[in-house]
> 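Before I ask anything, here is the structure I am working with.
Per chain, numbering begins at 1; letters A, B, ... match sequence-line order.
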Amino acid sequence: MRTFFEQLFRSQVWRSVFRHGLPESNRTRAEAIFFNFFLHVHPTKVRKRSVRFNYTWGLGGLSFGLFIILTVTGALLMLYYRPSAPQAYWDMKDLQFVVSSGQFLRNMHRWAAHAMVAVVFLHMLRVFYTGSYRPPKEFNWVIGVVLLVATILLSYTGYLLPWDQLAFWGISVGTNMARAMPFGIGEKISFLLLGGNIVGENALVRFYVLHCFILPVAAMVLMGIHFWRVRKDGGV
Amino acid sequence: MENSKLMDQEEHQQEETNLLTRRYFLEIVGGGAIGVAAVGSMVLTAQFLSPNVLLEPSLKFKAGSVENFPPASVTLNKEQKVFIVRAREGYFYALSAVCPHLGCIANWKGEEGIIACPCHGSKFDQEGRVLGGPAPRSLVRFSLLLDEQKQLIVDKGLVVGEDVILKV
């Protein structure tokens, strides 16, 4: 077994992927972090205080974990869901009663979505109470607020997709709230969101595109910047 | 020799006084072209996002004949979200059932004689005026006409004043 791993670590394939030596010296241990795409954003040093679990409660990491769960389950749900009326409702029912593990995936997506809103909010509270919004991290707080809004918008756009009574009235009330904006801006925003004057087929497709592409991509880009800045400022 | 020296000097002076250099000219032209293309594509995208043709149900509909509505009655047409009110013998008007607060469908409460919204508790009288709750405005009154077959025609695209009625 030992010789197998020694041979593996010496092989051309392994060494083409991991171009540093085994993490046996301080130098190669550092290289293992610097030369890894996923780890390279880590800071060179971290305060002992900030790695303590009850300093961060791991809430940012939990939010990201939930986002990963939502991306994977969401991509799988997309294989059976067609965003057209009334087909969307029947596809949702098929996912519950016909598709293998469909109910499980749908519930996982639903509960992870609820949890993500809660966890992101708790993460914001933690950052507030530890004063982590203070200089030099003010701008990262702003990005965090935009990410909170993105999370809520993702949750809201996903709400219409089952195309049931709850979804219909939820979106009716929500877009009517937008309509309360003055000088006709509200009417315009509501019209653009719904792709019309009523919650109909156009609205369903628009919310679907926002939910499955535009908002997740925006959130991913912002998360990249958010994590990079956290680490450059000495966080974990 | 003498001439080129002079030109060198001239060019030097030009740069110093920040006159139009070739580099600056090309930056302006190139940057301007990119700017025009960027603004143009933003305008086109904004236009693209707003649909020009909508397959939405007609705002005009037949509510039924006069005899379907007894005097002193408020009838909700759930599909069209409109109340047909026959206050007295020949006194008709059409009220929107869409609550002006957040767009839920209000109901007629016969025993209390009010129109009430189930979502956030707004209350209106039979004329659509706000009695209580968060509703910021009265219920909208729509144009109500009678066609040749004595059918009531409601036009939800045409809002009329609060004193307009249909006399039959």
> On the six-membered ring of B/Phe25, is B/Arg22 placed so that its NZ or CZ lies under 6.0 angstrom from the centre and within 45° of the ring axis?
no

> By a 4.5 Å heavy-atom criterion (distance strictly below it), what part of B/Leu49 contacts chain A: side chain, backbone, both, or neither?
both

> Tell me whether B/Glu127 is salt-bridged to B/Arg141, with the criterion being a basic N under 4.0 Å from an acidic carboxylate O.
yes

> For A/Phe139, which residues count as a ring-ring contact (aromatic ring centres under 6.0 Å, His included) partner, sequence neighbours excluded?
none

> So between chain B and chain A, what donor-acceptor pairs come in under 3.5 Å?
residue: B/Leu49; atom: O; partner: A/Arg206; partner atom: NH1; Å: 2.8
residue: B/Leu49; atom: O; partner: A/Arg206; partner atom: NH2; Å: 2.7
residue: B/Glu56; atom: OE1; partner: A/Asn197; partner atom: ND2; Å: 3.2
residue: B/Glu56; atom: OE2; partner: A/Asn197; partner atom: N; Å: 2.7
residue: B/Leu102; atom: O; partner: A/Asn176; partner atom: ND2; Å: 3.0

> Does any backbone or side-chain atom of B/Leu55 lie under 4.5 Å from a heavy atom of chain A? Answer side chain, backbone, both or neither.
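Neither part.
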
> Would you mind reporting whether B/Phe124 and B/Pro100 have side-chain heavy atoms less than 4.5 Å apart?
yes

> Any chance you could measure B/Asn77, atom CG, to B/Leu152, atom CG, to the nearest 0.5 Å?
11.0 Å

> Does CD belonging to B/Gln151 count more than 12 external heavy atoms closer than 6.0 Å?
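It does: B/Gln151 CD has more than 12 such atoms within range.
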
> Counting the benzene-type ring for Trp, do A/Phe64 and A/Phe227 have ring centres under 6.0 Å apart?
yes

